[in-house]
Engineer: 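First the structure, which I've put down as structure tokens, then a few questions once you've had a look.
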Protein chains: 2
Amino acid sequence: MYDANALRRFKADIFQALAHPTRIAMVELLRNGEFSAGKLIELLKLEQANASQHLSVLRSKQVVVGRKEGNQVFYSLRDPALIEVLDSLRRYFQRHIAGVRATLKKISKLEARER
Amino acid sequence: MYDANALRRFKADIFQALAHPTRIAMVELLRNGEFSAGKLIELLKLEQANASQHLSVLRSKQVVVGRKEGNQVFYSLRDPALIEVLDSLRRYFQRHIAGVRATLKKISKLEARER
DNA sequence: TGTATATATTCTATATTTCGAATACTCTTA
DNA sequence: TAAGAGTATTCGAAATATAGAATATATACA
């Protein structure tokens with residue numbers, strides 16, 4: 001039997017990989033199939049270096065794989081089963097939607113004030 | 001329609017809450033019902049302050065709620081739907097179990113060497 | 001070969017997370 | 001009220017994460 005702690009570190013790593021809005025956005029896009037790094041950058045309006053760093057995190061945590069084709073690198077989810085994880089989180093959110101909405105509203109107001 | 005970015009920040013926050021082995025361990029224990037802070041500390045062999053800080057993270061991200069009873073605080077999952085998220089991650093891991101095992105083995109060896 | 005394009009890496013500054021030690025708070029009970 | 005138990009918070013140090021600028025690498029193509 002393997003160390004339960006090591007297993008938890010693995011789980012924590014996966015969560016960590018997803019613990020950034022940009023990386024969530026990337027993974028959500030990749031649900032629909034593969035995208036080149038450049039396309040991800042364009043769609044998400046990111047700095048090239050920043051995007052590359054986030055992709056590097058996703059790669060190192062084995063969340064995505066890159067397929068090199070000529071000049072470009074096409075990324076896709078390493079295992080679509082990850083989508084299930086995201087979907088269950090989505091359901092979790094839907095159950096909390098009232099609370100989430102209230103908080104989103106608060107945030108919008110705060111952000112409006114900051115402008 | 002609310003800001004997709006704000007929603008992603010929320011999701012990222014939940015993942016962040018779970019992005020630490022100790023917090024994963026706590027949540028996994030709480031699957032089985034509520035535990036006092038002291039019991040969690042005992043079962044997970046944690047420093048009191050450290051445990052309290054991790055619980056504070058889980059509280060602030062709305063993952064757990066504390067119920068005060070006399071001297072102690074009993075924690076439980078705020079919404080058992082979170083279990084579904086953990087379960088789907090578990091399935092994800094099972095699918096990758098071969099790769100995970102190999103990596104765990106590597107880690108065990110490294111750790112053995114470090115001792 | 002030289003140049004342009006796509007992507008990755010390195011560097012630096014800053015912010016955030018984590019830990020343990022110390023301290024504070026809040027009940028209970030003597 | 002004082003003492004003790006259970007928790008939480010604060011503080012300082014170390015580690016890690018993030019962003020943007022600069023640089024490097026790899027491939028295509030003139």
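Within every chain, numbering begins at 1; the chains are lettered A, B, ... in the order of the sequence lines, protein sequences first and strands thereafter.
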Engineer: Quick one: F74(A) CZ to dT7(C) C1', roughly how many Å, whole number?
Structural biologist: 12 Å
Engineer: Classify the angle between the aromatic ring planes of H54(B) and H20(B) as parallel (below 30°), tilted (30 to 60°) or perpendicular (above 60°).
Structural biologist: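 Geometry flag for H20(B) against H54(B): tilted rings.
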Engineer: Just compare dT7(C), dT18(C), dA19(D) and give me whichever is closest to any side-chain atom of R23(B).
Structural biologist: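 Selected nucleotide (nearest to the side chain): dT18(C).
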Engineer: Counting side-chain heavy atoms from CB outward, which of dA6(C), dT18(D), dT9(D) is closest to Q72(A)?
Structural biologist: dA6(C)
Engineer: Phosphate oxygens OP1/OP2 of dA17(D): is one of them under 4.0 Å from a side-chain N or O of Q16(B)?
Structural biologist: no
Engineer: Once you apply a heavy-atom cut-off of 4.0 Å, does E69(B) come out as touching a base, just sugar-phosphate, or nothing?
Structural biologist: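 Touches nothing.
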Engineer: Rounded to whole angstroms, how far apart are CD on E34(A) and C1' on dT7(C)?
Structural biologist: 16 Å
Engineer: Between dT9(C), dA21(C), dG20(D), which one does the side chain of E47(B) approach most closely?
Structural biologist: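 From the listed options, dA21(C) comes nearest.
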Engineer: Do K39(A) and E42(A) sit within salt-bridge range, that is, some charged N less than 4.0 Å from a carboxylate O?
Structural biologist: yes
Engineer: Any salt bridge between R8(B) and D13(B), counting N to O under 4.0 Å?
Structural biologist: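 So R8(B) does not pair with D13(B) through a salt bridge.
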Engineer: Go through dA19(D), dT7(D), dC27(C) for me and flag the one nearest to the H54(A) side chain.
Structural biologist: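 That would be dA19(D).
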Engineer: Mind calculating the distance between CZ (R59(B)) and C1' (dA8(D)) to the nearest angstrom?
Structural biologist: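 Roughly 7 Å, once rounded to whole Å.
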Engineer: Under 4.0 Å between any heavy atoms, over every strand shown, what does Y75(A) touch: base, sugar-phosphate, or nothing? Just pick one.
Structural biologist: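 Counting heavy atoms under 4.0 Å across all strands, the contact made by Y75(A) is with sugar-phosphate only.
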Engineer: Taking all non-hydrogen atoms of both residues, which atom of A17(A) and which atom of R23(A) are closest, and how far apart?
Structural biologist: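 Scanning both residues, the minimum pair turns out to be O-NE, 2.7 Å.
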Engineer: Verify the distance criterion only: is there a donor paired with an acceptor across the side chains of R59(A) and Y75(A) at less than 3.5 Å?
Structural biologist: yes
Engineer: Measure the distance from NZ on K68(A) to P on dT5(C) and round it to the nearest whole Å.
Structural biologist: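 Result: 18 Å.
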Engineer: Whole angstroms only, please: what is the CG-P distance between L18(A) and dA17(D)?
Structural biologist: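 It is 14 Å, rounded to the nearest whole Å.
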Engineer: Between D79(A) and R91(B) (salt bridge meaning N to carboxylate O under 4.0 Å), is one present in this structure?
Structural biologist: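 Looking at R91(B) together with D79(A), the answer is no, because their closest N to O distance does not fall below 4.0 Å.
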Engineer: Pick base, sugar-phosphate or nothing for A49(B), based on heavy-atom distances below 4.0 Å to the nucleic acid.
Structural biologist: base
Engineer: Could you tell me whether the phosphate oxygens of dC19(C), OP1 or OP2, come under 4.0 Å of any side-chain nitrogen or oxygen in H20(B)?
Structural biologist: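 So the side-chain polar atoms of H20(B) do come within 4.0 Å of the phosphate oxygens OP1 or OP2 of dC19(C), strictly under.
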Engineer: Report the distance from atom CD of Q48(B) to atom P of dG6(D), rounded to the nearest whole Å.
Structural biologist: 11 Å
Engineer: Choosing from dA8(D), dA8(C), dT27(D), which nucleotide comes nearest the side chain of V73(B)?
Structural biologist: dA8(D)
Engineer: What I want to check is whether an N or O donor and acceptor connect the side chain of Q53(A) with the base of dA8(C) at under 3.5 Å.
Structural biologist: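 A donor-acceptor contact between them is absent.
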Engineer: Is there a side-chain polar atom (N or O) of S36(B) under 4.0 Å from OP1 or OP2 of dT7(D)?
Structural biologist: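 It does, given that an N or O in the side chain of S36(B) lies less than 4.0 Å from OP1 or OP2 of dT7(D).
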Engineer: dA8(D) P sits how many Å from L58(B) CG, rounded?
Structural biologist: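 Checked: the CG to P distance equals 12 Å.
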Engineer: Could a donor-acceptor pair under 3.5 angstrom be found where the side chain of N71(A) meets the base of dT5(C)?
Structural biologist: yes
Engineer: Provide, to the nearest angstrom, the distance between the CG atom belonging to N50(B) and the P atom belonging to dA22(C).
Structural biologist: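 Distance, rounded to whole Å: 16 Å.
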